[in-house]
Structure formats: C-alpha cells, structure tokens
Amino acid sequence: MSKSIRLMLVVIWCLIRISSTSAQESQVVVPPLITAKVASSADDHQQPVRYWAPESAKSKSTPLLVLLHTWSGDVNQKHDDWHAEAMQRGWLYLQPNFRGVNKTPQACGSKLARQDILDAVDFMQREFKVDKSRLYLAGVSGGGHMTMLMAGHHADRFSAASAWVGISDIAEWYRFHTKDGKPDNYAQNILDSLGGPPDENATRDADYRDRSPLFSLHRATDLPLDIAAGVFDGHKGSVPISHSLLAFNVIARANGTPVVTDAELSQLASAGQESKPKPIDQVVDETYGRDIIMRRQSKQARVTIFVGGHEGLPKAACSWLEARIRKTQ
C-alpha cells in the first residue's frame, strides 16, 4: 500500500474519531461560569473573566486550571469539556480574556495580553485559596500559542502547562496562510495585529519575535511543559505540526538533549508517520484514546504527536497536569 493511500485512510479514520469525540464532548453538562471584571495592572483596562469554584475553595487550598481562549475567540467561548475535567478533580477553573480575538495590536500575544492572564490569576488568588504548587495553564490553537508564550515569558508563575496545536512562530504562520501573495483570514489578523508583514523592518520583526514562543521558550527549561499536536493538522487544520515540534526543539537544545530531526519532522508532515519509528515513540497512553505516533522527552518537557487533527484532548492534558507539583511565585 502506498504512503499516499495509507495517509488518506488514516485521515478518514481520524475524522471519524474526531467526530465521535466531539459528539461525546457536546453532551457534557456543567454549571454556568461566573463573570467578573479585572482591571489590567498595565493600562487599567477592564478585562472580563469567567470562572467556576468549588465551595471549599474559600477555605481549602485548591488547584487552579487556567484555560486560554483560541485565536478567533474570547472569554465567552464554551469549553465545557475542560470545565468538566476541572470540576471532576475539584479544581478551580478560570477562563481569562486577553484582549479578545487576535486582530488588534493589543491582542495576539502582546505584553498587555500576557499581563491580562497574570492579572486574572492574581484575581483568583485574591478571591480563593489557590494552591500555588498546582497552578496549571492550558490552551488549544491560539490558546496553545499563548500557553507556550506564557511559558517562555512567565514560567515562574505556573506549576505546569499544556499546549495543544499551538502557533510557535507567528511570522512563519503568516507565510503559511499567505498564498500567491494573498493573505487569508488568519494572515490578515496578523497584519492587523502587527501592523504589516514580517521581513520589512527590524522593529516590526522584533515584535513578531516577542509574540512568538519560539524565541522565548529557551527560558522555560524548569517548567513542566506538555506540547501536543494531531499529525494531520496543517492538512486538515490551520497549524502545521512543525510549530509544536520546533517549539519542543528549542527547549531540547537549551537542555542539551536530543531534538526531533529535520528528517523526522519531514516524514511526519508528509507521510503522517516516521519511516523508522524509535522505541521511545511506541507508547500507549490511555488518557489520549488515540494512537501515539511520536513522543519525545527533554527533562521537564515533552512533545506528543497523535493520530488526530486540530484539537485538544482535555482528559489527556488534565491527567498529565494533575501529576505535576511545583511551587510558583
């Protein structure tokens, strides 16, 4: 069987699995979130937050899960599956707003957006007895981008982080979404946020790098960081898996541990599998409910490529986070 036919069959199987999973997740019923306003410590702008808290969180030290909205979303996004995972574990659950949709200079990983997340966490710490050794961060897609970005810029504020199908290099993502010189919706969002395309002037390029996790993750070597992506993202989704693998490689290089090679990355991106899988990649993870194609570890960080698309798996993320305990500032 040729690689192209095998890839097509696996894509079909993957889409069936994703559809089934989405249907199951849509049936999750959770209580409504509470809405509050938090003033930015950077510019005093009022940002909404939504949260849920167990009754005991006022008096008992309680873990906190911070779930970040996607690229085109805001605080009002429904993430009932993540909310349910937090509830089942007795955790506090927080959805901050960080300047909303990524189409303005104040959004898209800006310093203001990053501060909004920290301010939202500080709000929860004032209102509840947050366990500072179990303060967890997670996000999918644009939320995965911000999870990795916060890991690079503010690793000391979180006990562990889980980033799913995130963008790690905004300039490269702009190029991916610009075909024949014509920017699509995501590329136009980037133009609106950054003021123009990359590679035109040094000041703007510095801003692209500041908002891209790829250029700060070398500072996150002490933070337990879980990076994951579905192997068909970029084909049946908007973020190629190279963003996750290259983000992992930044940490691996900083740790002095083996990286995912260019040949391995190319094989995964084109054929959906490695030509010669390594024993360390052949693992079974029941929390995923999916086949694992690649898993690599670099001290506190790991990357997982699974059979799937542009998606996050809340159970897998929260199961991994739950096992991490680390004091934060």
Side-chain angles (χ1 to χ4, degrees), residues 40 42-43 45 47-50 66-79 95-117 120 137-153 163-217 227 229-230 232-244 246-247 309-312:
S40 167
D43 67 355
H45 192 278
Q47 289 293 305
V49 299
R50 300 171 72 214
V66 183
L67 194 279
L68 304 181
H69 63 70
T70 66
W71 183 276
S72 301
D74 61 15
V75 70
N76 294 309
Q77 272 189 328
K78 287 180 66 66
H79 294 289
Q95 290 183 196
N97 198 63
F98 37 102
R99 309 293 159 139
V101 179
N102 285 342
K103 59 181 182 179
T104 66
Q106 294 76 30
C108 198
S110 72
K111 291 180 175 65
L112 289 174
R114 301 193 302 255
Q115 190 59 48
D116 289 338
I117 295 170
L137 182 67
V140 181
S141 189
H145 160 250
M146 282 301 290
T147 296
M148 292 190 290
L149 194 62
M150 295 300 289
H153 287 281
W164 294 76
V165 294
I167 301 102
S168 64
D169 186 340
I170 293 179
E172 189 58 36
W173 204 50
Y174 170 82
R175 298 181 190 104
F176 178 78
H177 284 283
T178 302
K179 309 299 183 184
D180 300 321
K182 298 178 181 179
D184 69 7
N185 183 60
Y186 290 121
Q188 186 59 54
N189 288 164
I190 293 171
L191 293 177
D192 292 340
S193 298
L194 277 296
D199 306 320
E200 286 192 348
N201 65 72
T203 300
R204 185 185 300 145
D205 285 346
D207 198 12
Y208 269 89
R209 290 191 296 272
D210 181 64
R211 299 172 189 239
S212 298
L214 208 61
F215 302 95
S216 59
L217 277 172
I227 302 172
F232 302 115
D233 202 358
H235 300 283
K236 295 292 183 179
S238 58
V239 183
I241 62 172
S242 58
H243 284 265
S244 292
L246 293 176
H310 189 69
E311 58 186 316

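Heavy-atom minimum distance, Ala163 versus Met148: CB-CG, 3.5 Å. Across Leu217 and Ala151, no two heavy atoms sit closer than the pair CD2-CB, 4.1 Å. Annotation for Pro96 and Val49: closest pair CA-CG1, 4.1 Å, computed over non-hydrogen atoms. Of all heavy-atom pairs spanning Pro183 and Tyr174, the tightest one is CB-CE1, 4.5 Å. The shortest non-hydrogen separation linking Ala187 to Thr178 is CB-OG1, 3.5 Å.
A distance-only check finds no donor-acceptor pair linking the side chain of Asn97 to the backbone of Gln47 [under 3.5 Å]. Looking at Ser110, its side chain does come within 3.5 Å of a backbone N or O of Ala113 through a donor-acceptor pair. Listed for the Ser168 side chain is no donor-acceptor partner under 3.5 Å among the backbone atoms of Pro213. Proximity of a side-chain donor or acceptor of Ser40 to a complementary backbone N or O of His45 within less than 3.5 Å is not detected. When atom types are taken as modelled, the side chain of Gln95 and the backbone of Gln77 share a donor-acceptor pair closer than 3.5 angstrom. Remark: the backbone N or O of Ile227 is not paired with any side-chain donor or acceptor of Ser244 at under 3.5 angstrom. With Trp173 contributing its side chain and Ser238 its backbone, the two residues share a donor-acceptor pair below 3.5 Å. Between the side chain of Asn102 and the backbone N or O of Cys108, at least one donor-acceptor pair lies under 3.5 Å.
Considering only residues two or more places apart in sequence or on other chains, Arg204 meets the salt bridge (charged side-chain N to carboxylate O under 4.0 Å, His left out) condition with Glu200. Gln106 pairs by the side-chain contact (heavy atoms from CB on, under 4.5 Å) definition with Arg99, Thr104, Leu112, not counting sequence neighbours. Partners of Arg175 under the side-chain contact (heavy atoms from CB on, under 4.5 Å) rule, at least two apart in sequence or in another chain, are Ala171, Glu172, Pro198, Asp199. Qualifying side-chain contact (heavy atoms from CB on, under 4.5 Å) partners for Asn189, counting only residues two or more places apart in sequence or in other chains: Trp71, Lys103, Asn185, Tyr186. When the salt bridge (charged side-chain N to carboxylate O under 4.0 Å, His left out) test is applied to Asp207, the partners found at least two apart in sequence or on another chain are Arg211. Scanning for salt bridge (charged side-chain N to carboxylate O under 4.0 Å, His left out) contacts around Arg114 gives Asp210, with sequence neighbours left out.
We find the CG-CZ distance between Asp169 and Phe215 to be 4.5 Å, quoted to the nearest 0.5 Å. In this structure, CD1 in Ile167 is found 12.5 Å from CG in Leu214, a value given to the nearest 0.5 Å. Considering NZ of Lys111 and CG of Asp43, their distance stands at 13.5 Å, rounded to 0.5 Å. Taking NE2 from His243 and CG from Asp233, the interatomic distance works out to 9.5 Å, rounded to the nearest 0.5 Å.
A side chain to side chain donor-acceptor pair (under 3.5 Å) with Ser141 is found for one member of His69, Glu311, His310 and no other, namely His310.
The local environment of NZ in Lys179 is crowded, with over 12 non-hydrogen atoms from other residues, nucleotides or ligands closer than 6.0 Å.
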